Amino acid sequence: MEAAFMDSGTTVDKGENARLSSFVGAIAIADLVKTTLGPKGMDKILQRISENDQSVSVTNDGATILKSINLDNAAAKVLVDIARVQDEEVGDGTTSVAVFCGELLREAEDLINQRIHPQTIAEGWRLARKAAREALEASTVDNSGDEAKFREDLLRIARTTLSSKLVTYEKDHFATLAVDAVMRLRGSNNLDHIQVLKKAGGHLKDSYLEEGFLLDKKIGVGQPKRIENAKILLANTSMDTDKIKIYGSRVRVDSLNKVAEIEEAEKARMRQKCEKIIAHGCNVFINRQLIYNLPESIFTERGVMGIEHADFDGIERLAAVTGGEVVSTFDRPDLVTMGECDLIEEVMIGEDKVIRLGGCKSGEACSIVLRGASSHVLDEAERSLHDALCILTATVKDPRTIYGGGCTEVLMAQAIDRQVESTPGKKALAMASFARALRQLPAIVADNGGYDSAELVTQLRAAHASGKSSYGLDMYNGTIGDMHELGVAEAFKSKLCVLMSASEAAEMILRVDDIIKCAPRAREGY
């Protein structure tokens with residue numbers, strides 16, 4: 001009926017068709033990333049097919065996979081969005097949140113086929129979510145008062161996060177790197193102070209933490225290679241006015257002497273600019289843009305170290321770690337705050353020279369140097385390390401931890417099942433479906449490891465029913481085990497975000513009964 005009143009190019013999917021389209025799209029996306037879940041999850045190859053970019057990346061990071069897919073289904077885009085938010089908020093659990101949302105919708109599809117209204121299902125899910133959250137909060141452990149125990153908690157969380165990544169066989173080494181870097185931040189949680197530098201060559205285990213800031217740039221020709229008690233002037237200014245640049249104008253001269261005079265005038269202006277820079281009392285000048293031959297020779301004569309082309313991220317990060325300001329004009333030295341560090345020197349990493357800034361004013365600054373066989377390995381190692389750093393900073397803010405390995409999912413499902421027994425009406429069916437969706441997460445993890453998921457999950461349920469509330473899946477032996485003894489821990493904030501985001505997104509998709517697609521309004525005259 002509506003079609004009679006709608007413009008051409010507008011389509012409406014109603015009722016069952018709209019709901020089926022939403023469910024199928026979201027479940028398909030969840031199934032796409034399902035095989036990457038857990039320590040034995042598989043990787044995906046992402047290959048770009050545009051004319052200008054045919055690069056390849058290998059990853060099992062849920063957010064990276066979902067962000068690289070172009071989608072047409074509205075519900076599938078919701079799943080991609082919650083995975084992206086999870087990545088920004090916590091850094092870990094991006095695959096879990098998409099898979100859990102997909103499993104909830106799979107359960108909802110069965111309930112709707114039993115003629116249960118979507119609003120009844122949503123109401124039951126809200127009750128189940130409340131019970132699950134209370135059970136999750138009751139199972140947390142907080143060791144923030146004891147520094148040694150808290151560091152051990154951070155190491156366990158980092159190892160658990162990295163166990164599903166490419167670096168799993170070097171997870172102890174990378175967990176130590178990540179925890180040391182985050183502990184240096186002393187609670188500021190500004191990840192800009194941690195720089196990750198990728199250098200091809202060597203092995204993953206050759207990666208190390210450098211206490212200081214590494215800049216992958218070159219020092220000017222003939223300039224000092226080592227400076228102690230450095231006063232650093234950070235700038236974003238053009239240093240190439242020694243070349244004639246008069247755009248949109250034509251200069252006519254009657255002899256080559258006049259050309260030489262123009263060039264000399266430009267050089268005089270550049271010398272004046274360099275004198276203004278040196279008048280700040282700096283012995284190191286770092287510019288975001290290029291430093292050409294003439295200013296470089298002037299700095300060399302005056303014993304100033306010049307570093308050019310520190311890209312925008314680099315110059316902003318340098319300002320943060322050295323305590324300086326990025327300046328563009330040099331007329332008021334009294335208003336400029338210069339960066340400081342104890343030592344600037346040139347060091348070798350593999351076959352390459354880099355500049356090391358040690359003893360920065362911001363003492364928490366550090367660099368993690370990643371070594372690896374190829375650029376694909378290094379890119380995936382960087383993504384893995386970034387996830388670990390994000391989840392650790394989130395844990396420093398909220399120090400509560402929980403047991404991993406499917407332990408908390410079974411714990412929450414058990415709490416919901418207890419409440420189902422005393423809940424009247426069809427809401428109880430929706431609550432039971434929520435518990436089943438939670439138990440699907442450890443089942444998928446077991447399936448990805450090639451184990452019998454039905455056997456392991458039933459053993460895990462029996463263990464929890466007998467009071468062994470810290471038991472989860474031991475994925476390296478194909479059995480169930482005590483997560484406390486195995487050292488498998490996760491951040492409370494990560495699991496809470498998975499629970500809340502996935503259930504809210506599934507509820508939003510469930511409540512859809514129409515999908516209206518509108519063509520953009522054509523402009524007049526086109």
Side-chain angles (χ1 to χ4, degrees), residues 184-186 188 190 192-195 197 210-242 268-349 353-367:
R184 282 179 64 86
L185 295 179
R186 303 190 186 99
S188 74
N190 185 356
D192 283 343
H193 291 181
I194 301 173
Q195 185 196 24
L197 196 65
E210 176 68 61
E211 294 187 2
F213 191 85
L214 294 177
L215 199 59
D216 193 6
K217 299 294 172 188
K218 298 284 188 290
I219 296 171
V221 177
Q223 293 171 358
K225 305 295 183 190
R226 177 186 168 92
I227 288 183
E228 295 181 3
N229 299 320
K231 301 284 184 188
I232 306 165
L233 182 62
L234 302 164
N236 180 12
T237 186
S238 171
M239 299 295 288
D240 59 349
T241 48
D242 55 322
R269 285 184 58 198
M270 178 47 65
R271 287 192 189 95
Q272 189 180 359
K273 188 172 186 177
C274 290
E275 290 299 331
K276 284 182 179 178
I277 290 170
I278 294 165
H280 283 69
C282 63
N283 51 14
V284 179
F285 176 66
I286 302 178
N287 192 24
R288 188 196 161 200
Q289 301 178 42
L290 291 171
I291 301 174
Y292 285 79
N293 294 345
L294 178 65
E296 186 178 72
S297 64
I298 294 169
F299 290 139
T300 304
E301 288 170 10
R302 304 295 288 272
V304 174
M305 180 191 289
I307 301 168
E308 65 177 4
H309 220 243
D311 57 338
F312 190 74
D313 283 346
I315 203 82
E316 288 291 316
R317 193 177 275 139
L318 274 170
V321 300
T322 61
E325 293 176 346
V326 182
V327 294
S328 298
T329 57
F330 310 99
D331 295 322
R332 294 292 303 274
D334 54 312
L335 299 179
V336 174
T337 304
M338 287 199 291
E340 297 174 10
C341 72
D342 295 341
L343 175 67
I344 296 184
E345 61 181 346
E346 207 170 50
V347 296
M348 293 283 291
I349 298 178
K353 289 181 179 177
V354 296
I355 301 164
R356 177 181 174 275
L357 288 77
C360 295
K361 193 171 184 180
S362 169
E364 55 257 29
C366 63
S367 299

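Keep in mind that this is a model prediction, so the values were computed, not measured.
E228 and R226 are joined by a salt bridge, as a carboxylate oxygen and a charged side-chain nitrogen come within less than 4.0 angstrom of each other.
Closest of all the heavy-atom pairs between L294 and S297 is O-OG, 2.6 Å. When every heavy atom of P295 is checked against every heavy atom of C274, the shortest pair comes out as CB-SG, 3.6 Å. For H280 against V336, the heavy-atom pair with the smallest separation is NE2-CG2, 3.8 Å. Listed here is the closest heavy atom pair of R184 and C366: NE-CB, 3.6 Å. Residues M338 and C282 share a closest heavy-atom pair of SD-CB, 3.7 Å.
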* Apply side chain to side chain contact (heavy atoms under 4.5 Å, CB included) to the pair I344 and R356, showing each step before the final yes or no. => CA-CA 6 Å; I344 296 184; R356 177 181 174 275; over 6 Å; no
* side chain to side chain contact (heavy atoms under 4.5 Å, CB included) between T237 and K273, worked out -> CA-CA 10 Å; T237 186; K273 188 172 186 177; 2.9 Å; yes
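Rounding to the nearest 0.5 Å gives a distance of 5.0 Å between CD1 of I286 and CG of L318. Taken to the nearest 0.5 Å, the CD atom of Q289 stands 5.0 Å off from the CG atom of N236. Note that the CG atom of L290 and the NE2 atom of H309 stand 4.5 Å from one another [nearest 0.5 Å]. Atom CG of residue N287 and atom OG of residue S238 lie 8.5 Å apart, to the nearest 0.5 angstrom. In this structure, I355 CD1 and K217 NZ are separated by 9.0 Å, a value rounded to the nearest 0.5 Å. Here the CD atom belonging to E346 is positioned 5.0 Å from the NZ atom belonging to K225, to the nearest 0.5 angstrom.
With contacts defined as side-chain heavy-atom distances shorter than 4.5 Å, the pair F299/I278 qualifies. Taking the side chain as every heavy atom from C-beta outward, I277 and L233 approach each other to under 4.5 Å. You'll find the side chain of L234 stays beyond 4.5 Å of the side chain of R288, heavy atoms only. No side-chain heavy atom of L197 sits under 4.5 Å from any side-chain heavy atom of S367.
For NZ of K231, the number of neighbouring non-hydrogen atoms (other residues, nucleotides, ligands) closer than 6.0 Å is 12 at most. Under a cut-off of 6.0 angstrom, the local environment of CZ in R271 is crowded, with over 12 non-hydrogen atoms contributed by other residues, nucleotides or ligands. For NZ of K353, the number of neighbouring non-hydrogen atoms (other residues, nucleotides, ligands) closer than 6.0 Å is 12 at most.
Side-chain contact check for K276 and T329: no donor-acceptor pair (N or O, by modelled atom type) lies under 3.5 Å.
Under the 3.5 Å distance criterion, the side-chain polar atoms of T300 are matched with a main-chain donor or acceptor of V221. E301 places no side-chain N or O within 3.5 Å of a backbone atom of I298 that could act as its donor or acceptor partner. Between the side chain of Q223 and the main chain of M305, no donor-acceptor pair closer than 3.5 Å is present.
Relative ring orientation between F285 and F330 is described as perpendicular, the plane-to-plane angle rising above 60° on a 0-90° scale split at 30° and 60°.
Here the options are L214, D342, I232, V284, the test is side chain to side chain contact (heavy atoms under 4.5 Å, CB included), and the partner is L357; only I232 passes.
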